[in-house]
Every structure is written in structure tokens, then in C-alpha cells.
Amino acid sequence: MTLATQLLAWYYKNGRDLPWRRDKDAYKIWVSEIMLQQTRVEAVRDYYTRWLDRFPTPAALAQASEQEVLTYWQGLGYYSRARHLLAGVREVCAEYGGRVPDNPALIQRLPGVGEYTAGAIASIAYNQVAPAVDGNVLRIFSRLFCLEEDIAKTATKRAVERLVMQHISRQCPGDFNQALMDLGAMICIPRRPRCPLCPLADLCEAYRREVQDMLPVRAPKKAPQLVTLAAGVVQRAGKFLVQQRPATGLLAGMWEFPATEMGAGDVAAAQLREKFRCELQQTVEIEEKILQCRHTFSHRQWDIAFYRCQWLAGDKLREQACWLGKTELGTVPWAGPHHKMALALAERLPNK
DNA sequence: TACCCGTGGCA
DNA sequence: TTGCCAAGGGT
């Protein structure tokens, strides 16, 4: 019995029934792989269904606006994934007649598609023999072969790619790669792996040495930077003043209530008044705090306070800002914690 | 290479 | 509550 034989036998009996495994349409596999980057299966399910309902084909997605696409991605995180997917699909429509190429090297040229995703699409949709080395595969092979190198290093990934190519099923490379995902999610999990249930236990060097809990080796991550913010909620004639974030950087292109970063000793009311006066040419008075929340990103933590503001005077708004009626609050993609604020406002103010 | 880029579940 | 971390890619 080879590694692939044992793994596939286990997979065909125990593999998960997932929405994106219903057919091998390359576009659908592509969408699922992008959504699943650094994101749990349970978080993806509903987004995937809604996405394919609205954008069932590359052509349907290619014609959509970036703002609508971002609205469908809102809450999933890593929003450049959505922008890249849109750009990639437009490229496929323009360059490949709407059909995703089957060559891993060509797939990888698409924006947002790296080595892992290219290998996954090629192997699952087109049955190409290609490795798809993600966090699961790094963990599994670190344990199988007792690799003690940091899995964040490129050299470690290359070594695992070579090992995958030595063991991948030539008949069913896509199933082999997906079986590794399921093994990593169900058996060879990060903490306290369930080795007695593992179909590869008899091949696993870490299990033999009883060091499976020590692997894989991963360099410690940097602590997130703490940021304190004050945001102003201004209402005038039933509409709210909102602002679009810059096209690059954190939460790029998403919408928020105008906010300022607070330095040590800053007073929220003064900072906010300045923000509205200088950047938006609006005169406001800060009233009471209406919501405070903490929002943690992968590398940053926001402590944000929302203040209700009284509008006094102001000029016409520039392009990156606008007045949004309460029925329009659900039509723009919100930046992180601002979504909670927008929802609260929409709920608090019934349509009259 | 190291850093940037979100979110939610879980121990 | 806090820290860890999950089907990565771009720069």
C-alpha cells in the first residue's frame, strides 16, 4: 500500500461533502479556492452560495462593478482577494474566451493566484499532476517526515513540494490534494492531532517518535499594533455623512464614518471637529458617544468610539465622501466595525 | 525576506 | 480574556 492509496481510500469514505465539490467547473473551483485562503470552511459556505447565485459564470462576474463585488465579499476579510478575482475573471474573458486555462503556469499568472491556488485549480478542475502546498500540507508533511525547519521559510515549502510530487496520485491528483485538505482539517489538526484515527499513522515518523505535538515548527508572530480611533456620525435631513477609504491599504475602497487616529493626549471631540473641518469642509459639534468597540485585524487592533455629531454648516462634498440615506446603508461595503454602526443606525431608524 | 492584508472560532 | 490560527498572495 502506497501513501496515496491509503490516503485516497480514507478520503473516499470520510471526505467532506462541500458545496464546491459538486462539479469540476474551473471558475467555481477558483472562487472557492480564493474564498478559502486563510479562511475557514464554515465561514465560506454562505458567501460561496450567494456569490455563485449572483455571479454564476466568469462573464457574469466580469460585468459587475467593483463596489458590488466588494459588497458580496463584505465580512470575509482580505478584500484584495475580491478585487483580484474580479480582475482575473475579466482577464480570462478577454484573453481566454471566458475559459480558465488548464496549465498551472498560465493559471498562476492571473492576479490573486499564487502557487498553491494554481496547483489546486489545475489538479481539481483539470486533473493535472501539480502540488498544492498550503498550511495543511506543510503541517501533514512536517509530521510525516519529521521536518523541523520553519514552515514559513521558502526552502521548507520547496522541500514539501518535492515530497508531494513523489507521493501524489498520478491517476487522481485533484482528489489527492483535496484528501490532504480533509486530513489536515479532520485528523492531522494543528493541536492534539487525532493520530489513532489517521490513515497514514503507520507511515508517520513524528507519530512513531511521539513528537507530533511539537510539529510543525513555526516562527512566532509579531504582536498587533494598537490603534485608537474616534469616528463621527453626522445626520442631516435623514442622511449620513460617509467617506470612502483610499484605494490601497487597509480595507481599501470600503466605506466608513469619518474617523481619526488618536495620539496620546488627544481629545476625541477636538480631533473629530478638525477632521470634518479640514478634510470634509463641514462644521460639526460632537455630542455623546453612541458606540464603542474593539476590532482585531491580523496585524492591527482598533479601539474605535463612535460619536453622534450635530451638523452646523458645510460645503458640497468631494468625490470620496457622500450623504447616504438610511435605505442606502446596506448598499455599500463597510470597513470592519463601521458595518456594526451602520446596522445599528438602520435598525434604530424605521422607514417613515 | 519581512511585512501588509480580515475575520471568527476555539481552548 | 487573550492568543492562536485557517485551503495565501502581493510587494
Side-chain angles (χ1 to χ4, degrees), chain A residues 15-16 18-21 28-48 70 73-85 87-88 107-124 131-140 150-157 160-161 164 174 176-186 188-192 213 216 218-227 245-254 256 293-302 333-340:
Chain A
R16 293 171 292 180
L18 300 172
W20 41 90
R21 290 179 177 171
K28 296 179 184 173
I29 303 296
W30 183 7
V31 171
S32 73
E33 289 300 337
I34 300 299
M35 285 189 172
L36 285 161
Q37 288 172 2
Q38 300 290 286
T39 310
R40 296 177 186 280
V41 164
E42 289 316 311
V44 167
R45 281 182 188 274
D46 291 347
Y47 282 90
Y48 177 81
L70 280 176
W73 205 274
Q74 175 181 241
L76 250 195
Y78 289 134
Y79 299 94
S80 67
R81 294 185 294 175
R83 263 188 297 276
H84 285 142
L85 180 54
I107 300 174
Q108 198 180 329
R109 288 192 195 171
L110 297 168
V113 177
E115 284 183 14
Y116 162 76
T117 304
I121 295 172
S123 64
I124 298 170
V133 177
D134 69 333
N136 286 306
V137 178
L138 286 168
R139 182 171 62 253
I140 292 167
D150 181 356
I151 59 171
K153 293 187 181 253
T154 303
T156 310
K157 188 181 172 188
V160 170
E161 281 169 358
V164 169
F176 180 89
N177 285 335
Q178 292 184 92
L180 287 175
M181 304 303 154
D182 283 12
L183 191 72
M186 302 163 71
C188 197
I189 52 181
R191 282 167 298 193
R192 303 287 307 273
D213 286 311
R218 183 198 303 273
K221 293 178 181 174
K222 213 179 73 173
Q225 175 194 0
L226 300 178
V227 178
R245 294 176 63 84
T248 59
L250 185 66
L251 299 164
M254 318 234 355
E256 64 186 5
C293 54
R294 177 171 298 188
H295 191 87
T296 304
F297 304 89
S298 53
H299 57 297
R300 196 163 306 181
Q301 188 172 54
W302 280 3
W334 289 100
H338 293 267
H339 187 223
K340 185 185 291 186

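Worth saying up front: this structure is predicted, and the values here are computed from it rather than measured. Reminder, nothing fancy here: chain letters follow the sequence lines and each chain counts from 1.
- Each of A/Ala152 and A/Trp334 was matched to the nucleotide of DNA chain B holding its nearest heavy atom; the match closer to the 5' end belongs to A/Ala152.
- Among the nucleotides C/dG9, B/dT7, C/dA6, the one closest to any side-chain atom of A/Pro190 is C/dA6.
- A donor-acceptor contact shorter than 3.5 Å is absent between the side chain of A/Arg16 and the backbone of A/Ala185.
- Side-chain atoms of A/Tyr78 lie closest to C/dG8 of the nucleotides C/dT2, C/dG10, C/dG8.
- No donor-acceptor contact under 3.5 Å links the side chain of A/Ser80 to the base of C/dG10.
- Atom-to-atom, CD of A/Gln108 to P of C/dG9 comes out at 8 Å; the value is rounded to the nearest Å.
- Taking atom CD1 on A/Ile151 and atom P on C/dC4, their separation rounds to 14 Å, with Å as the unit.
- The shortest distance between the side-chain N/O atoms of A/His299 and the OP1/OP2 oxygens of B/dC4 is not below 4.0 Å.
- B/dC5 atom P lies 15 Å from atom CD of A/Gln38, rounded to whole Å.
- Heavy atoms of A/Thr296 sit under 4.0 angstrom from at least one base atom.
- The side chain of A/Tyr116 lies closest to C/dG9 when the candidates are B/dG6, C/dG9, C/dA6.
- Set against B/dG8, B/dT7, B/dC5, the side chain of A/Arg40 has B/dG8 as its closest nucleotide.
- Here A/Leu18 lies in heavy-atom contact (under 4.0 Å) with a base.
- Remark: A/His295 is in phosphate contact with B/dT7, judged by side-chain N or O atoms under 4.0 Å from OP1 or OP2.
- A/Gln37 and A/Tyr116 are not linked by any side-chain donor-acceptor pair at a separation below 3.5 angstrom, with hydrogens and angles left out of the test.
- Note on A/Arg16: a base of the nucleic acid sits closer than 4.0 angstrom, heavy atoms only.
- Among the protein residues, A/Trp73 comes within range of no part of the nucleic acid, since none of its heavy atoms lies under 4.0 Å from any strand.
- Look at CD on A/Glu115: it is 8 Å from P on C/dG9, rounded to the nearest Å.
- If you measure from atom CZ of A/Arg218 to atom C1' of C/dG8, you get 12 Å, rounded to the nearest angstrom.
- Rounding to whole angstrom units, NZ of residue A/Lys221 and P of C/dG8 are separated by 11 Å.
- Distances from the side chain of A/Leu251 to the nucleotides B/dT7, B/dC4, C/dC5 place B/dT7 closest.
- Here A/Lys153 lies out of heavy-atom contact (under 4.0 Å) with every strand.
- Closest-nucleotide positions on DNA chain B for A/Pro337 and A/Lys222 were compared, and the one nearer the 5' end corresponds to A/Lys222.
- Within the 4.0 Å cut-off from OP1 or OP2 of C/dG10, not a single side-chain nitrogen or oxygen of A/Arg109 is found.
- The nearest whole Å value for the distance from the CZ atom in A/Arg81 to the C1' atom in B/dC4 is 14 Å.
- Take A/Arg40 and apply the side-chain hydrogen bond (donor to acceptor under 3.5 Å, both in side chains) test, not counting sequence neighbours, and it matches no residue.
- Position along DNA chain C of the nearest nucleotide to A/Thr117 versus A/Ser298 favours A/Ser298 as the more 5'-ward residue.
- Residue contacts shown for A/Arg139 are limited to sugar-phosphate atoms, with no base heavy atom under 4.0 Å away.
- Between A/His295 and A/Trp302, the ring-plane angle classifies as tilted under the 30° and 60° cut-offs.
- Whole-Å rounding puts the A/Leu70 CG to B/dT7 P distance at 12 Å.
- Taking every side-chain heavy atom of A/Tyr79 into account, B/dT7 is the closest of B/dT7, B/dC5, B/dC4.
- Taking atom P on both nucleotides, C/dG9 is separated from B/dG8 by 22 Å, rounded to a whole Å.
- Side-chain contact between A/Val227 and A/Arg300: present, with at least one pair of heavy atoms (C-beta onward) separated by less than 4.5 Å.
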* To do: Determine, step by step, whether A/Ile124 and A/Glu33 satisfy the side chain to side chain contact (heavy atoms under 4.5 Å, CB included) criterion, reporting the C-alpha distance in whole Å, the side-chain angles of both residues, the deciding distance to 0.1 Å, and the verdict.
  => CA-CA 10 Å; A/Ile124 298 170; A/Glu33 289 300 337; 3.7 Å; yes

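- A/Val137 comes within 4.0 angstrom of nothing in the nucleic acid, heavy atoms only.
- The structure places CD1 of A/Ile189 at 11.5 Å from CD1 of A/Ile140, a figure rounded to the nearest 0.5 Å.
- When heavy atoms are screened at a 4.0 angstrom cut-off, A/Arg191 is found touching no nucleic acid atom at all.
- In this structure, of C/dT2, C/dG8, B/dC5, it is C/dG8 that holds the atom nearest to the side chain of A/Gln37.
- Scanning atom types as modelled, one donor and one acceptor separated by under 3.5 angstrom connect the side chain of A/Thr39 and the base of B/dG6.
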